[in-house]
Amino acid sequence: MRKKWVFISFIIFAIACSVLTYNNFQRSGKPLIPSSKDNRFERGHNVPGKLYWAGSAQDKMVALTFDDGPESNWTPKILDILKTKNVKATFFVIGQQVQQHPDILQRMDEEGHIIGNHTFSHRDLTKLDAEHVEQEIDNCALEIQKVIGKEPRFVRPPFGFHSAIVDDVVYSKDRIIILWSLDTKDWTGLDAETIKSRILPHMQNGYIVLQHDGSNPKIGGSVQALPEIIDGLKAQGYTFVTISELLDTQPYK
């Protein structure tokens, strides 16, 4: 009987500790920060070594990412801004766009930005079988490699949609899924002030920001907001890094 009460007391103590931890998390509104360098990426929905929505909560860093390019109008403007501000970013490119604008992809690489894989034709990978998921990713990787001579490890599934099948295909070739922490929703045509309001007040350590540089006429507000986003985050003490630096891992095979 005594053993039974000891066991019950232990269970009650464990539950109380869990509730206290949860309440502390809720009050702070911030993710709990891992205690050591070894587990710094154990955060939220991260699967260390495989999938990340953010970097370490210990480090006051932010990674800007741009999807759907390269494109002849927006991408050069974004590259110009990044160069002026001395900021490196990560571009998740579409294979078909790379075929049309290899010179812009080359510029990205030459200016020190990291290039990631956003599939060949921007299809929803969750609606494809494993063979076609692999084709989408491999064909994009091939187009990138033709231009810069390197094969990306970072993959961002279109729309952020992924499944067990998609995950298995990505992980089987030593690739890493990169999602995001803050979505500007710039593709919907939001103005510059709204874009800034979706980032500056909500930034936390290690966050990944999603913007776009594809052939969408509605992302002018995002490009217009970019210099002020960079200045605003610098004023908050953030350092801009690539996904490779954020996750302390190699970007290419």
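Just so you know, residue 1 is the first one in the sequence shown, and it goes up from there.
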Student: Is Tyr238 reaching over with its side chain to a backbone N or O of Gly232, donor-acceptor style, under 3.5 angstrom?
Tutor: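 Checked: no pair found.
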Student: Taking it one step at a time, do Gln211 and Ile219 satisfy side-chain contact (heavy atoms from CB on, under 4.5 Å)?
Tutor: CA-CA 9 Å; Gln211 292 178 264; Ile219 61 175; over 6 Å; no
Student: To the nearest 0.5 angstrom, please state how far the CD1 atom of Ile115 sits from the OG atom of Ser244.
Tutor: 12.5 Å
Student: Using every non-hydrogen atom in the two residues, find where Phe41 and Pro48 come nearest and quote the distance to one decimal.
Tutor: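 Heavy atoms of Phe41 and Pro48 come nearest at O-CG, 3.8 Å.
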Student: Donor-acceptor pair, Thr184 side chain versus Leu210 backbone, under 3.5 Å?
Tutor: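 Yes; at least one donor-acceptor contact below 3.5 Å.
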Student: Answer yes if Ile208 and Ile176 sit in the same cluster of Ile, Leu, Val, Met, Phe, Trp and Tyr residues linked by side chain heavy atoms under 4.5 Å apart, and no otherwise.
Tutor: yes
Student: To the nearest 0.5 Å, tell me how far Thr194 OG1 sits from Lys196 NZ.
Tutor: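 If I round to the nearest 0.5 Å, the distance is 10.0 Å.
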Student: Between Phe159 and His122, how do the two ring planes meet: parallel, tilted or perpendicular, split at 30° and 60°?
Tutor: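 Geometry flag for His122 against Phe159: perpendicular rings.
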Student: Let me confirm one number: the CG-OG1 distance from Asp68 to Thr119, rounded to the nearest 0.5 Å.
Tutor: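 Asp68 atom CG to Thr119 atom OG1 measures 9.0 Å (nearest 0.5 Å).
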Student: I want to know whether Tyr207 and Trp180 have ring centres closer than 6.0 Å.
Tutor: no
Student: Just by distance, do the side chain of Asp186 and the backbone of His212 share a donor-acceptor pair under 3.5 Å?
Tutor: yes
Student: Counting N and O atoms only, with roles assigned by atom type, does the side chain of Asn46 sit under 3.5 Å from a partner on the main chain of Trp53, one being a donor and the other an acceptor?
Tutor: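 The answer is yes, because a donor-acceptor pair under 3.5 Å joins these two groups.
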Student: Say whether, by atom type as modelled, one donor and one acceptor occur between the side chain of Thr242 and the main chain of Ala89 under 3.5 angstrom.
Tutor: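 The answer is no, because no donor-acceptor pair under 3.5 Å joins these two groups.
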Student: Walk me through whether Met203 and Val209 qualify under side-chain contact (heavy atoms from CB on, under 4.5 Å).
Tutor: CA-CA 9 Å; Met203 184 57 62; Val209 178; 3.6 Å; yes
Student: Quick check for you: to the nearest 0.5 Å, what is the distance between Asn117 atom CG and Asp138 atom CG?
Tutor: 8.5 Å
Student: Please check this pair: side chain of Arg198 against backbone of Asp183, looking for a donor-acceptor N/O pair closer than 3.5 Å.
Tutor: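 A pair under 3.5 Å: yes.
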Student: With side chain to side chain contact (heavy atoms under 4.5 Å, CB included) as the test, pick out the partner of Leu200 among Ile195, Leu233, Asp231.
Tutor: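 Among Ile195, Leu233, Asp231, the one that satisfies the side chain to side chain contact (heavy atoms under 4.5 Å, CB included) with Leu200 is Leu233.
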Student: I'd like to know if the side chain of Lys88 and the backbone of Glu111 have a donor-acceptor N/O pair within less than 3.5 Å.
Tutor: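 Such a contact is found between Lys88 side chain and Glu111 backbone.
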Student: So, Glu136 side chain and Ser121 main chain: donor-acceptor pair closer than 3.5 Å or not?
Tutor: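 Yes, the answer is positive, given that a donor and an acceptor are paired below the 3.5 Å cut-off.
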Student: If every non-hydrogen atom of Cys140 is compared with every non-hydrogen atom of Ile94, which pair is closest and at what distance?
Tutor: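 Looking at all heavy atoms of both residues, the closest pair is SG-C, 4.3 Å.
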Student: Only one of His118, Gln145, Glu143, Gln106 passes side chain to side chain contact (heavy atoms under 4.5 Å, CB included) with Val98; say which it is.
Tutor: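 For Val98, the side chain to side chain contact (heavy atoms under 4.5 Å, CB included) check succeeds only for Glu143.
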Student: I'd like to know if the side chain of Thr90 and the backbone of Ile243 have a donor-acceptor N/O pair within less than 3.5 Å.
Tutor: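 Yes; judged by distance alone, with no hydrogens or angles, the pair exists.
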Student: Do Ile81 and Val87 share a hydrophobic cluster, counting only Ile, Leu, Val, Met, Phe, Trp and Tyr and linking them when any side-chain heavy atoms are less than 4.5 Å apart?
Tutor: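 Result: yes, single cluster for both.
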Student: Can you get from Ile148 to Phe120 by hopping between Ile, Leu, Val, Met, Phe, Trp and Tyr side chains that sit under 4.5 Å apart?
Tutor: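 Not linked; separate clusters.
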Student: With side-chain contact (heavy atoms from CB on, under 4.5 Å) as the criterion, how do Lys50 and Asp167 come out once you've worked through the C-alpha distance, each side chain's angles and the decisive distance to 0.1 Å?
Tutor: CA-CA 9 Å; Lys50 293 185 175 182; Asp167 294 352; over 6 Å; no
Student: Are the side chains of Leu105 and Thr75 in touch, meaning some heavy atoms are under 4.5 Å apart?
Tutor: no
Student: How long is the gap from CZ on Arg153 to NZ on Lys173, to the nearest 0.5 Å?
Tutor: 14.5 Å
Student: Report the C-alpha separation of Asn205 and Asp59 in whole Å, then their side-chain angles, then the decisive distance to 0.1 Å, and conclude whether the side-chain contact (heavy atoms from CB on, under 4.5 Å) test is met.
Tutor: CA-CA 6 Å; Asn205 290 2; Asp59 304 318; 5.8 Å; no
Student: Taking all non-hydrogen atoms of both residues into account, name the closest pair between Ala54 and Ser181 and its distance.
Tutor: CB-OG, 3.5 Å
Student: Would you say Trp187 and Ile199 are hydrophobically clustered, going by side-chain heavy atoms of ILVMFWY under 4.5 Å?
Tutor: no
Student: So, does Tyr52 use its side chain to make a donor-acceptor pair with the main chain of Gly49 at under 3.5 Å?
Tutor: yes
Student: Indicate whether the side chain of Thr65 and that of Arg156 have a donor and an acceptor atom separated by less than 3.5 Å.
Tutor: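 Yes.
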Student: In terms of side-chain geometry, is the basic nitrogen of Glu151 or Arg175 positioned less than 4.0 Å from the acidic oxygen of its partner?
Tutor: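 Judged by the 4.0 Å cut-off on N to carboxylate O distance, Glu151 and Arg175 do form a salt bridge.
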Student: To the nearest 0.5 Å, what is the distance between CZ (Phe66) and CE (Met108)?
Tutor: 10.0 Å
Student: Hey, any chance Val47 and Ile177 share a hydrophobic cluster, counting ILVMFWY side chains that come within less than 4.5 Å of each other, even indirectly?
Tutor: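 As far as the 4.5 Å side-chain criterion goes, Ile177 and Val47 are connected within one cluster.
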